[in-house]
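Hydrogens, waters and symmetry mates are skipped; everything else that's a heavy atom, side chains included, is used. Please read these numbers as outputs of a predicted model, since none were measured by experiment.
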Amino acid sequence: MKIEKGKRVRMRVHLSVVGGDTLEKATVEYVQGSGKMLPGLEREVVGLSAGGKKTGVITAANGFGDPAHSPQKKMNKSDFPAGTEFSVGSRFTAKGEGNGADIVLQVMRVTTTDVEVRLMHPLADKDLHFDIEVLAVGEPSAPPPPMPAAAIKLEDA
């Protein structure tokens, strides 16, 4: 069976920044086309079967996103530490709202009171090297059938 949209895929993945650190070295399982895997890696594995191996590079735009498509936000200069100097193109790392993950703020425009920044994934402009081995390709697991109402037993509290 070959990898195509909707197939469950299990593979060994070694993913690293080109010329840099390892990001992940693990066995992963996902459904092809579900959006749970890097888009560039999903494209690279289409057509492979169990036992298939592939090595290559995913360009930054196909990895963690093309920075040109990242959202922008206007911020007050007072949101930054006192004395911060701003110039177009400079970058700052901050903690994202909600999940606390690192996010890069790239300065796009500076006024007397505000800074317009692009919000980017820390690896958005990095090419990624991958080395994969497909372990299994199959049909996705069906969800468990609903329990019949007659089988549900309520207990007194």
For this session: Any chance you could lay out the salt bridge (charged side-chain N to carboxylate O under 4.0 Å, His left out) test for R91 and D125, step after step, and finish with the verdict?
Result: CA-CA 12 Å; R91 294 181 177 197; D125 56 356; 2.8 Å; yes
Exercise. Stepwise, does the side chain to side chain contact (heavy atoms under 4.5 Å, CB included) test hold for V117 with M75?
Worked result: CA-CA 7 Å; V117 296; M75 300 177 71; 3.7 Å; yes
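Residues passing the side-chain contact (heavy atoms from CB on, under 4.5 Å) test with R109, sequence neighbours excluded: K74, T111, E116.
Of the residues I103, V104, V107, V115, the one that meets the side chain to side chain contact (heavy atoms under 4.5 Å, CB included) test with F92 is V107.
Residues M1, I3, V9, M11, V13, L15, V17, L23, V28, Y30, M37, L41, V45, L48, I58, F64, L123, L128, F130, I132, V134, V137 make up the rest of the hydrophobic cluster containing L38, defined by ILVMFWY side-chain heavy atoms closer than 4.5 Å, directly or through other members.
Between G63 and P39, the shortest heavy-atom contact is O-CD, 3.9 Å. The nearest pair of heavy atoms linking A60 to A124 is CB-O, 3.4 Å.
For D114 and K77, the salt-bridge test fails: no basic side-chain N is under 4.0 Å from an acidic carboxylate O.
Considering OG of S34 and NZ of K7, their distance stands at 14.5 Å, rounded to 0.5 Å.
Using modelled atom types, one finds no donor on one side chain facing an acceptor on the other under 3.5 Å when comparing D127 with T59.
Screening residues 33-49 for salt bridge (Lys or Arg N to Asp or Glu O under 4.0 Å) gives E44-K54 as the qualifying pairs, with residues at least two apart or on separate chains.
Under a cut-off of 6.0 angstrom, the local environment of NZ in K126 is sparse, with at most 12 non-hydrogen atoms contributed by other residues, nucleotides or ligands.
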